[in-house]
Amino acid sequence: MSFLNPKIDENEFLYRAIKKSIPNQWDIEKNRPSSALFKDSKGVSVDRDGNRNKREIVTSFLERFGHTELKAIVNIRAGHCYEKDCSILYRPLDDNPFHAEIHNGNGKVELTKGQARFLAKNCTIVEQYDL
């Protein structure tokens, strides 16, 4: 698979699922995503909005993960990632043409604690399920 990486527009939204099976991704006290949601040594897996509306995007997550597996779905504007020197790599998959990854941007994959904290603070909860 070719990894062509056109620059993702700063106004495009990136969506991420929070799974119930990974409890540290949700800060119970603040009732918000924790910075752990944006920490992954392989890159933070997200879906680009791809000019789809929120309902289409939410439906695609529910079809892939199932309603009972999800705690929430959040989004973050690509511009917030760029503001903290993150890079966004468009990495479409055979079963998900909207897949992308957020990387550190400084030659490393995993985001720093500061980058992850900033993204967690600035992401928006799109849908919340049985918390």
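In this chain, numbering begins with 1 at the start of the sequence shown. Side chains included, hydrogens not; waters and symmetry mates left out as well; all remaining heavy atoms used.
The heavy-atom pair separating Cys123 from Ile76 by the smallest distance is N-CD1, 3.6 Å. For Pro97 against Pro92, the heavy-atom pair with the smallest separation is O-CB, 3.7 Å. Across all non-hydrogen atoms, the minimal contact from Ile102 to Cys86 is CG2-CB, 3.9 Å. Residues Leu37 and Val44 approach most closely at O-CG1, 4.2 Å, considering heavy atoms. The two residues Ser41 and Val109 have their closest heavy-atom pair at O-CG1, 3.4 Å. In plain terms, the two heavy atoms of Tyr90 and His99 that are nearest each other are CD1-O, 3.5 Å.
Considering OG of Ser60 and OH of Tyr15, their distance stands at 10.0 Å, rounded to 0.5 Å. Considering CG of Leu70 and NZ of Lys19, their distance stands at 8.0 Å, rounded to 0.5 Å. The CZ atom of Arg16 sits 10.5 Å away from the CG atom of Leu119 when rounded to the nearest 0.5 Å. One distance of note links CG of Leu14 with CZ of Phe98; it measures 13.0 Å at 0.5 Å rounding. Distance check, rounded to the nearest 0.5 Å: CD of Glu10 to NE2 of His80 gives 10.5 Å. The distance from the CZ atom of Arg77 to the CD1 atom of Ile8 is 13.5 Å, given to the nearest 0.5 Å.
Under 4.0 Å is where a charged nitrogen must lie from a carboxylate oxygen, and between Arg55 and Glu127 at least one such pair does. At a threshold of 4.0 Å, the pair Lys39-Glu110 counts as salt-bridged, since one of the basic side-chain nitrogens sits closer than that to a carboxylate oxygen.
Between the side chain of Asp49 and the backbone N or O of Phe13 there is at least one donor-acceptor pair closer than 3.5 Å. With hydrogens and angles disregarded, no donor-acceptor distance shorter than 3.5 Å links the side chain of Arg32 to the backbone of Asp27. Side chain of Tyr129 to main chain of Glu69: no donor-acceptor pair is present (N/O by atom type, distance under 3.5 Å, no hydrogens or angles). Formation of a donor-acceptor pair under 3.5 Å by the Gln115 side chain with backbone atoms of Asn104 is found in this model. For the pair Ser35 (side chain) and Ala120 (backbone), a donor-acceptor distance under 3.5 Å is absent.
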Step by step, would you call Asn53 with Glu56 a side-chain contact (heavy atoms from CB on, under 4.5 Å)? CA-CA 6 Å; Asn53 65 47; Glu56 288 176 276; 3.4 Å; yes
Trace of the side-chain contact (heavy atoms from CB on, under 4.5 Å) decision for Trp26 with Asn31: CA-CA 7 Å; Trp26 190 264; Asn31 198 29; 3.3 Å; yes
So His103 and Leu89, side-chain contact (heavy atoms from CB on, under 4.5 Å) or not? Walk me through it. CA-CA 7 Å; His103 288 202; Leu89 305 177; 3.5 Å; yes
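Under a cut-off of 6.0 angstrom, the local environment of CG in Asn51 is sparse, with at most 12 non-hydrogen atoms contributed by other residues, nucleotides or ligands.
Cluster membership for Val46 and Ile125, using ILVMFWY side-chain heavy atoms within less than 4.5 angstrom, is shared. Cluster membership check: Ile22 does not share its hydrophobic cluster with Ile28, using side-chain heavy-atom separations under 4.5 Å among Ile, Leu, Val, Met, Phe, Trp and Tyr.
For Gln25, the side-chain hydrogen bond (donor to acceptor under 3.5 Å, both in side chains) test picks out no residue, with sequence neighbours left out.
Counting only N and O atoms by type, the side chains of Asp85 and Asn106 include no donor and acceptor under 3.5 Å apart.
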